[in-house]
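What's counted below: heavy atoms across the whole structure, side chains too, no hydrogens, waters or symmetry copies. What you see is a predicted model; the values in this text were computed from it and never measured.
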Amino acid sequence: QVQLVESGGGLVQAGGSLRLSCAASGRTLSFYATGWFRQAPGKEREFVAGISGSGGNSYYATSVKGRFTISRDNAKKMVYLQMNSLKPEDTAVYYCAASFRPASSDVSSSPHEYDHWGQGTEVTVSS
């Protein structure tokens, strides 16, 4: 089992940057692929970015590619999402999620593949 706690959300103007953090506790983090998802009011939860357990493979939603960067530090049990050039449409609650995939480079964009979730952190981008 792994427990996840997000932080770093807040209010930022369009064009600005935020860095979200996800602190993990429990089992060895490198056993888990991790992802960031977001959910805006009235919309379904959507994939933002994912990274394999070793950090060697990452994958991004088209809407954030080139603006967001996912990274991880397994020794510190941390996962990060650096968000640059933020747009009002990035406004959402952002969730960190983990999927048990030991010795795998796979990264899934489906929320159904992730069985551990944080409580979310809210990001608001003003125009």
Peer 1: Enumerate the salt bridge (Lys or Arg N to Asp or Glu O under 4.0 Å) contacts for residues 71-80, please, sequence neighbours excluded, ordered by first and then second residue.
Peer 2: none
Peer 1: Using every non-hydrogen atom in the two residues, find where Asn74 and Gly53 come nearest and quote the distance to one decimal.
Peer 2: ND2-O, 2.8 Å
Peer 1: Can you tell if the side chain of Gln119 reaches within under 4.5 Å of the side chain of Glu6, non-hydrogen atoms only?
Peer 2: yes
Peer 1: Side chains of Ser126 and Gln13: donor-acceptor distance under 3.5 Å anywhere?
Peer 2: no
Peer 1: As a quick check of understanding, evaluate side chain to side chain contact (heavy atoms under 4.5 Å, CB included) for Ser17 and Gln82, giving each step before the final call.
Peer 2: CA-CA 8 Å; Ser17 298; Gln82 178 67 42; 4.0 Å; yes
Peer 1: Does the Thr28 side chain pair with the main chain of Ser30, one donor and one acceptor, at a distance under 3.5 Å?
Peer 2: no
Peer 1: How far apart are the closest heavy atoms of Met78 and Ser21, and which atoms are they?
Peer 2: CE-CB, 3.7 Å
Peer 1: Among residues two or more places apart or on two chains, list those pairs meeting salt bridge (Lys or Arg N to Asp or Glu O under 4.0 Å) that have a residue in residues 27-48.
Peer 2: Arg38-Glu46, Arg38-Asp90
Peer 1: Side chains of Tyr60 and Ile70, heavy atoms from C-beta outward: is any pair under 4.5 Å?
Peer 2: yes
Peer 1: Does the pair Leu81 and Val48 meet the rule for a side chain to side chain contact (heavy atoms under 4.5 Å, CB included), with working shown?
Peer 2: CA-CA 9 Å; Leu81 184 68; Val48 175; 4.2 Å; yes
Peer 1: In the structure I gave you, are the side-chain heavy atoms of His116 and Tyr32 within less than 4.5 Å of one another anywhere?
Peer 2: yes
Peer 1: For the residue pair Trp117 and Tyr95, does the interplanar ring angle fall in the parallel (under 30°), tilted (30 to 60°) or perpendicular (over 60°) class?
Peer 2: perpendicular
Peer 1: Would the distance check show the side chain of Thr91 and the main-chain N or O of Val125 forming a donor-acceptor pair, the cut-off being under 3.5 Å?
Peer 2: yes
Peer 1: In the single-linkage hydrophobic clustering (I, L, V, M, F, W, Y; side-chain heavy atoms under 4.5 Å), do Met83 and Val12 co-cluster?
Peer 2: yes
Peer 1: Does the side chain of Leu20 reach to within under 4.5 Å of the side chain of Val123, using non-hydrogen atoms?
Peer 2: yes
Peer 1: Given side chains that start at C-beta, do those of Phe47 and Tyr59 come closer than 4.5 Å, heavy atoms only?
Peer 2: yes
Peer 1: For a 4.5 angstrom cut-off between non-hydrogen side-chain atoms, does Ser7 reach Thr121?
Peer 2: no
Peer 1: Taking the side chain from Ser52 and the backbone from Asp106, do they hold a donor-acceptor pair closer than 3.5 Å?
Peer 2: no
Peer 1: Checking side chain to side chain contact (heavy atoms under 4.5 Å, CB included) for the pair Asn84/Leu18: CA distance, chi angles, key distance, verdict?
Peer 2: CA-CA 7 Å; Asn84 299 328; Leu18 279 176; over 6 Å; no
Peer 1: Between Tyr114 and Trp36, is there a shared hydrophobic cluster once you connect ILVMFWY residues whose side-chain heavy atoms come closer than 4.5 Å?
Peer 2: no
Peer 1: Do Leu86 and Phe68 come within less than 4.5 Å of each other through their side chains, counting heavy atoms only?
Peer 2: yes
Peer 1: Please examine the side chains of Leu4 and Val79, heavy atoms only from C-beta on, and report whether any two atoms are closer than 4.5 Å.
Peer 2: no
